[in-house]
Amino acid sequence: MTSRPQNERTRWLPPTLAAATLGVMTLLSTAAHAASTTYQASGCHGATHGDEKYLSRYSNTIQYLPSGSQYPDEVHLVCPIVKTTSGPGIVNDSLSVTVAGYSGWATCTLSEYQTTFNGNSNVVSQFEGDGSGYYYTMSLYGNATNYWGNSTTWTYAELHCTLSQLATLTGYTVNEAGSVQANRRIVSAAACKQTPESDSYSYYLGAPHVPYAVPDPGQPGGFVEAPGGSLGFKMSCPLPAGAGAYTQVGLGPALGNYEMGCKAGGSWSYVHRAQGESEWAFKNLVFKTSVALTCAMKNNPDDGDGKVLSYRTSNSASF
């Protein structure tokens, strides 16, 4: 098994670009100038199916529980974060995260992304920490503000962790600067769950999430991807508590002559990757919503490569 330092370590990784929510979140406090939200670790899930099969959940925790005759030294998981203090004109809405765990070792990274790509990178900043031993906590700090951005570009955050054998996460708390904004929420695709109709998906990890590695400007991150050759791709993305009546979804359409789309209790809406556009061409859709979003490939689920990045809610169709 790969060894890890016995003391907690946190450091900046350089930026490459300048009720229950989701069934796992409990809002603890909404002070005048801060919001604190605690998530149950059981709401995290494997970065791939290969990781997920080794994760065990009990009493709202999540643990890497080796099984079978062959198993990896470590597994990777992704955890959702819902941004609650962002909105038009708000520029001080930074966040920090405290992760708690015990047994073995764990490395976690708070990653912040933009929906649009600079070339083929969308990493804003990352902060990493680790812990080991009987009980440990990790303090992670974001470097982004002005999450709401503009009508087509916004910032979102999610948590990635690597667990050694028998390592357990008990939960994580997100502290946001500013005041909770009514009906405005920003969610990463880490909140989305695979629907029963499909049986293959992947969270893109890539270079930005390799422990102790500087993010690679040529590697994007922070999205759900339907891998090429997959057997299907359909994700259900729940609306967070306090969400508004409209939802905007950030998508990266599939390679080839295929379309990526979503629906919210009604008809499908699709976006198409125009001829000559990059794989990282950003597309977005706006829905009037009352139920969970469902996003999928159109007609050709076997081709894959479609991407869901993030979604946000408001009371107006104009974001």
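- When side chains are defined from C-beta on, Val78 counts as touching Glu158, because their heavy atoms get closer than 4.5 Å.
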I'd like a table of donor-acceptor pairs (distance under 3.5 Å, sequence neighbours excluded) in which one partner is a side-chain atom from residues 88-96, with atom names and distances.
unit_1	atom_1	unit_2	atom_2	d
Asp93	OD1	Asn146	N	2.7
Asp93	OD2	Ser86	OG	2.6
Asp93	OD2	Tyr147	N	3.2

Which side-chain N or O atoms in residues 236-255 pair as donor and acceptor under 3.5 Å with protein atoms at least two apart or in another chain?
unit_1	atom_1	unit_2	atom_2	d
Thr247	OG1	Thr289	OG1	2.9
Gln248	OE1	Arg312	NE	2.8
Gln248	OE1	Arg312	NH2	2.9
Gln248	NE2	Ser151	O	2.9
Gln248	NE2	Asn284	OD1	3.0

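- Contact detail for Ala35 and Thr84: the closest heavy-atom pair is CB-OG1, 3.9 Å.
- With hydrogens and angles ignored, the 3.5 Å screen pairs a side-chain donor or acceptor of Arg185 with a backbone N or O of Gln181.
- Residues Ser111 and Gln126 have side chains that bring a donor and an acceptor to within less than 3.5 angstrom of each other.
- Counting only distance, with no hydrogens or angles, the side chain of Ser164 and the backbone of Trp105 share a donor-acceptor pair below 3.5 Å.
- The list of salt bridge (charged side-chain N to carboxylate O under 4.0 Å, His left out) pairs with a residue in residues 77-91, not counting sequence neighbours, reads Lys83-Glu176.
- With sequence neighbours left out, Thr115 forms a side-chain contact (heavy atoms from CB on, under 4.5 Å) with Thr153, Trp154, Tyr156, Phe282, Ser310.
- Ile81 has its side chain within reach of Val97: a pair of non-hydrogen atoms, C-beta onward, lies under 4.5 Å apart.
- Residue pairs meeting the disulfide bond (SG atoms under 2.5 Å apart) criterion with at least one partner in residues 123-156, sequence neighbours excluded, are absent.
- Atom CZ of residue Phe223 and atom OH of residue Tyr113 lie 9.0 Å apart, to the nearest 0.5 angstrom.
- Taking OH of Tyr136 as the start and OG of Ser103 as the end, the distance is 6.5 Å to the nearest 0.5 Å.
- One N or O on the side chain of Glu52 and one on the backbone of Gly46 form a donor-acceptor pair closer than 3.5 Å.
- Side chains of Asn143 and Val124 form no contact here, defined as non-hydrogen atoms less than 4.5 Å apart.
- Atoms OG1 and CE, on Thr107 and Met138 in that order, are 7.0 Å from each other to the nearest 0.5 Å.
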| request: Given side-chain contact (heavy atoms from CB on, under 4.5 Å), test Val308 with Met260 step by step and report yes or no. | output: CA-CA 9 Å; Val308 183; Met260 184 74 189; 3.6 Å; yes

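- Between Trp148 and Phe319, the ring planes are parallel. Angles under 30° get that label, and only those over 60° would be called perpendicular.
- Summarising the geometry of Val286 relative to Ala317, their closest heavy-atom pair is CG1-O, 3.8 Å, with the distance given to 0.1 Å.
- In this structure Lys283 satisfies the salt bridge (Lys or Arg N to Asp or Glu O under 4.0 Å) test together with Glu277, sequence neighbours excluded.
- Proximity of Leu140 to Leu159: side-chain heavy atoms (C-beta onward) are separated by under 4.5 Å at one or more points.
- Distance alone, capped at 3.5 Å, is enough to place a donor-acceptor pair between the Gln63 side chain and the Leu166 backbone.
- Tracing side-chain contacts under 4.5 Å through hydrophobic residues (I, L, V, M, F, W, Y), one never reaches Leu65 starting from Leu163; they form parts of separate clusters.
- Summarising the geometry of Ala157 relative to Glu112, their closest heavy-atom pair is CB-CG, 4.2 Å, with the distance given to 0.1 Å.
- Side chain of Ser42 to main chain of Arg57: no donor-acceptor pair is present (N/O by atom type, distance under 3.5 Å, no hydrogens or angles).
- The structure places CD of Gln114 at 4.5 Å from OG1 of Thr155, a figure rounded to the nearest 0.5 Å.
- Not a single donor-acceptor pair under 3.5 Å links the side chain of Ser59 to the backbone N or O of Thr61.
- Asn183 pairs by the side-chain contact (heavy atoms from CB on, under 4.5 Å) definition with Asn315, not counting sequence neighbours.
- When the side-chain contact (heavy atoms from CB on, under 4.5 Å) test is applied to Ser278, the partners found at least two apart in sequence or on another chain are Trp280.
- Without hydrogens or angle criteria, His45 side chain to Ala191 main chain gives no donor-acceptor distance under 3.5 Å.
- A donor-acceptor pair shorter than 3.5 Å can be found between the side chains of Thr173 and Thr38.
- Put simply, the side chain of Tyr39 reaches to within 4.5 Å of the side chain of Val174, judged on heavy atoms.
- Listed by first and then second residue, the disulfide bond (SG atoms under 2.5 Å apart) pairs involving residues 51-129 are Cys44-Cys79, Cys108-Cys161 (not counting sequence neighbours).
- Using a 4.5 Å heavy-atom threshold, the side chains of Asp73 and Gln165 count as touching.
- Here Leu77 contributes atom CG and Leu169 contributes atom CG; the two are 6.0 Å apart, rounded to the nearest 0.5 Å.
- With sequence neighbours excluded, the residues forming a side-chain contact (heavy atoms from CB on, under 4.5 Å) with Pro72 are Tyr54, Tyr64, Val75, listed by chain and number.
- Between the side chain of Asp51 and the main chain of His76, a donor-acceptor pair closer than 3.5 Å is present.
- To the nearest 0.5 Å, the span separating CG on Asn122 from CZ on Phe117 amounts to 4.5 Å.
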| So Leu293 and Lys263, side-chain contact (heavy atoms from CB on, under 4.5 Å) or not? Walk me through it. | CA-CA 6 Å; Leu293 292 166; Lys263 68 175 183 177; over 6 Å; no

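- For the cysteines Cys262 and Cys295, the sulfur (SG) atoms lie within a distance shorter than 2.5 angstrom of each other.
- Hydrophobic clustering, defined by side-chain heavy atoms of Ile, Leu, Val, Met, Phe, Trp and Tyr closer than 4.5 Å, groups Tyr134 together with Tyr58, Tyr102, Tyr135.
- Between Pro80 and Gly43 the shortest heavy-atom distance is CD-O, 4.0 Å.
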